[in-house]
**Q** 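Pasting a structure below so you can have a look.
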Amino acid sequence: MEDRYGRKIDYLRLSVTDLCNYRCRYCMPEAGVAKLPRSGILSVEEIGELGRAAVNCGVTKIRLTGGEPLVRGGIIEICRALSSVTGLRELCMTTNGSLLERFAVPLRDAGVSRLNISLDTLVPEKFASVTRQGDLDGVLRGIRAAEAAGFRELKLNTVLIGGFNDSEIENFVALTREHPWEVRFIELMPMGECARWDAGCFLSGDEVLRRCPELESVGTRGVARQYRLPGAPGTVGLISPMSHSFCSRCRRIRVTAEGRLMGCLHSREEIPLRGLHGPELEAAIRRGIAQKPERHRLTEGGSETPREMNEIGG
Ligand code: SAM
Ligand code: SF4
């Protein structure tokens, strides 16, 4: 379905939990977030019904996110329920990778087609520090497990943080010489925990091009500008919500773990979907698509949503 600005909306990002086993400094408070009662979040059945309704409204790709989707009880059942929806072409997941060693094969068997794995540093001590409790080696084992399970076109998500990982840009880019991955650099967005950080933490994606001038543009893919080192099997993606707005190319809607539809990551407007079924549910999704804002105003006063990133799903 098209929104009122002529954008084709075919991509749903669905948060299955706002809980996480990490506490990334830019995303989650150190103490974590209060656990919603089980009845406060969408059940496996509700997620299946939502998936079917979304596909009837034109969605062909669903990405599961969170919080950390792999800490959600019943995640494999959720994947099975969604991958069996007729008309859904892709079921993807964004994960911190910490539990992938255990989950890669079951996810593949449950019909997940692609994975994005978040990785902000290749240095073990820095990884433990930014995630406040993560183990880099466990994530690297998770990446290997995902490849062994047959996941292709892995994407690594790296949030660029000035003074923290800008010194590692070349090392991340070098990974694309050895692996057929897309290493995606994401500009830090001033939301929640990092909204008060110093200006120096917020780097433009163009810093990657400045440091790696040999990168050649190969076009765009979704909201990413794509580049490649000459002859490399992998690619580099720049996702630049701050410096190069991609709102005119945005094909997404989002649903929070509590079942509230958001037309934009940064918008205050939400449409509650819980309790709706059949034609009513589809009508609410169509309303959400129709009301999708033209663009975010991140650089003109910040995100409008009072929600934190872990509630919406990045
Ligand atoms: N826990 C999973 C993970 O980390 O991949 C999925 C949820 S996480 C909120 C999704 C993505 O959002 C991650 O790649 C994370 O690095 C990114 N993210 C979180 N806060 C951000 C911020 N303020 N600006 C830019 N990206 C952010
Ligand atoms: Fe958890 Fe992902 Fe947020 Fe890190 S970015 S705290 S892994 S939800």
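As the structure lists them, so they are numbered: ligands from 1, and atoms in each ligand from 1. On a predicted model such as this, the values are computed, not experimentally measured, just so you know.
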**Q** Taking the six-membered ring of F164, is NZ or CZ of K126 closer than 6.0 Å to its centre and within 45° of its axis?
**A** yes
**Q** For the residue pair E168 and T121, confirm or rule out a side-chain donor-acceptor distance under 3.5 Å.
**A** yes
**Q** Tell me, please: is G67 in heavy-atom contact with ligand 2, that is, under 4.0 Å?
**A** yes
**Q** Hey, does C27 come in under 3.5 Å of ligand 1, counting only N/O atoms on both sides?
**A** no
**Q** Judging by distance only, is a nitrogen or oxygen of Y26 under 3.5 angstrom from one on ligand 1?
**A** yes
**Q** Taking E68 for the side chain and L70 for the main chain, is one N or O donor matched with an acceptor at less than 3.5 Å?
**A** yes
**Q** Indicate, as side chain, backbone, both or neither, the part of E193 found under 4.0 angstrom from ligand 1 when only non-hydrogen atoms are considered.
**A** neither
**Q** Where on T65 is there a heavy atom closer than 4.0 Å to ligand 1, on the side chain, on the backbone, on both, or on neither?
**A** side chain
**Q** So between G66, G67, C20, whose heavy atom ends up nearest atom 1 (N) of ligand 1?
**A** G67
**Q** Nearest 0.5 angstrom please: E282 CD to E49 CD, how far?
**A** 9.5 Å
**Q** Hey, could you give me the CZ/CD distance between R4 and E294, rounded to the nearest 0.5 Å?
**A** 8.5 Å
**Q** So, does E68 sit close enough to ligand 1 that a heavy atom of it is under 4.0 Å from the ligand?
**A** yes
**Q** Considering only heavy atoms, does T95 approach ligand 1 within less than 4.0 Å through its side chain, its backbone, both, or neither?
**A** backbone
**Q** Classify the contact between M189 and ligand 1 as side chain, backbone, both or neither, using a heavy-atom distance cut-off of under 4.0 Å.
**A** both
**Q** Indicate, as side chain, backbone, both or neither, the part of P190 found under 4.0 angstrom from ligand 1 when only non-hydrogen atoms are considered.
**A** neither
**Q** Any sub-3.5 Å donor-acceptor pair from T17's side-chain atoms to L19's backbone N or O?
**A** yes
**Q** Give every protein N, O or S atom lying under 2.8 Å from atom 4 (Fe) of ligand 2, naming each by residue and atom.
**A** C24 SG
**Q** For a side chain to side chain contact (heavy atoms under 4.5 Å, CB included) with I62, tell me which candidate from L50, V255, L91 qualifies.
**A** L91
**Q** Can you tell me how far apart CD1 (I47) and CG (L64) are? Round to the nearest 0.5 Å.
**A** 7.5 Å
**Q** Which residues pass the side-chain hydrogen bond (donor to acceptor under 3.5 Å, both in side chains) test with R108, not counting sequence neighbours?
**A** none
**Q** Numbering the atoms of ligand 1 from 1, which are under 4.0 Å from a heavy atom of C194?
**A** 23 (N)
**Q** Please give me the minimum heavy-atom distance between E182 and T235, naming the atom from each residue.
**A** OE1-OG1, 2.8 Å
**Q** Return a yes/no value for T94: is any of its N or O atoms, backbone included, closer than 3.5 angstrom to an N or O of ligand 1?
**A** no
**Q** Which residue in the set V208, I186, L188 passes side chain to side chain contact (heavy atoms under 4.5 Å, CB included) when paired with L160?
**A** V208
**Q** Can you tell which of I169, V236, T176 makes a side chain to side chain contact (heavy atoms under 4.5 Å, CB included) with C212?
**A** I169
